[in-house]
Amino acid sequence: MKIAVVTDSTAYLTAEIRQRHHIHMLPLVVNIGEKSYEEEIDLVAEDFYALMKSSEDFPKSSQPAVGAMYQLYEELAKDHDAIISVHLSSGISGTYQNAASLSREYPEFNIHPFDSEISCYVQARFVLEAARLAAAGIEPEQIIARLNHMKKGSRAYFMVDDLMNLQRGGRLSGGAAVIGSIMKIKPVLHFSDKKIVVFEKIRTNARALRRIEELLGQTASMTDYPIIATVIHGNIPEKGQAWLEHLQGEFPDIRFELSYFGPVIGTHLGEGALGLTWTEDTELSFPL
């Protein structure tokens with residue numbers, strides 16, 4: 001079968017990677033003041049954080065238009081037998097629900113939507129695995145089964161620098177944000193039940209990073225499959241790279257990569273956020 005792979009912009013896969021692996025992208029939209037931008041097309045991460053600093057209006061994001069999704073699926077269905085469509089968590093966006101709705105409304109497109117229940121580079125790993133399996137001729141149902149297997153062992157933890165971004169984005173009450181800022185609390189966040197929630201409240205950046213490292217170590221000690229981990233930064237590439245190099249020294253058996261929080265996720269986490277995600281390195285555990 002000839003299978004197309006689709007994702008949305010919150011996977012934060014570069015244009016070069018998307019082109020190399022024949023991955024199609026649906027951009028989410030970021031609204032700042034009176035202007036709207038398509039993430040990763042009209043607005044890249046570096047420019048977004050600059051606009052966020054200078055704008056009086058807090059950014060808001062919205063999912064891709066259903067019409068744009070339909071047009072892409074319709075075009076791909078002309079010369080593909082099936083479409084795997086991988087999207088950010090349905091708990092923070094309606095993108096997956098729209099893909100699922102279109103799959104039911106247009107069965108002739110043979111769309112297989114997948115809710116990553118997460119975002120950023122774990123979502124990207126699902127997309128890359130789908131592309132790898134599609135290129136190898138694996139059936140769509142088997143690809144979805146493999147992604148669900150990966151999901152069970154995938155984790156993501158984030159540390160934010162400014163609690164007020166979470167408050168403005170509706171992820172934290174105003175009182176909690178003010179008290180947390182005064183007490184210099186650095187909450188470690190994670191995805192739970194498809195939403196971004198506080199995992200633990202920690203007093204300093206250094207302790208928050210150490211706690212995330214501990215969580216990675218716990219996973220590594222309890223699994224017998226290879227792990228791939230990604231450091232993700234909110235417009236602080238030097239700090240992200242420094243943490244990655246530290247982690248490589250601590251966990252020499254784990255493969256590390258570096259990625260970034262783009263405009264949509266950066267709206268909630270803010271500049272200065274750092275995260276660590278990990279999942280099964282399927283290229284090693286499931287070689288084709």
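Positions are given from 1 along the sequence.
Between Lys53 and Glu271 there is a salt bridge, since at least one side-chain N of the basic residue sits less than 4.0 Å from a carboxylate O of the acidic one. Using a 4.0 Å cut-off between charged side-chain N and carboxylate O, Glu283 and Arg132 make no salt bridge. One finds no salt bridge joining Arg210 and Glu213 here, because no Lys/Arg side-chain nitrogen approaches an Asp/Glu carboxylate oxygen to under 4.0 Å.
Using modelled atom types, one finds no donor on one side chain facing an acceptor on the other under 3.5 Å when comparing Tyr12 with Ser119. Gln123 and Thr10 share a side-chain donor-acceptor pair at under 3.5 Å. With no hydrogens or angles considered, no side-chain donor-acceptor pair links Asp8 and Gln63 at under 3.5 Å. For the residue pair Ser89/Glu117, the side-chain donor-acceptor check at 3.5 Å is not satisfied.
The backbone N or O of Ile228 lies less than 3.5 Å from no partner atom in the side chain of Glu257, so there is not a single donor-acceptor pair.
Taking the six-membered ring for Trp and the full ring otherwise, Phe199 and His190 have centroids separated by under 6.0 Å. Aromatic pair Tyr106/Tyr70: ring centres closer than 6.0 Å. Taking the six-membered ring for Trp and the full ring otherwise, Phe261 and His268 have centroids separated by 6.0 Å or more.
Here the CG-CG distance, from Leu244 to Leu276, works out to 9.0 Å after rounding to the nearest 0.5 Å. Separation of atoms CD (Glu75) and CD (Gln71) is listed at 9.5 Å; rounding is to 0.5 Å.
In this structure, Lys151 satisfies the cation-pi test against Phe114, with its NZ or CZ atom closer than 6.0 Å to the six-membered ring centre and inside 45 degrees of the ring normal.
No option in Tyr157, Phe251, Phe256 other than Tyr157 meets the ring pair (Phe, Tyr, Trp, His ring centres under 6.0 Å) test with Trp278.
Aromatic ring orientation, Tyr260 versus His233: tilted (interplanar angle from 30° to 60°).
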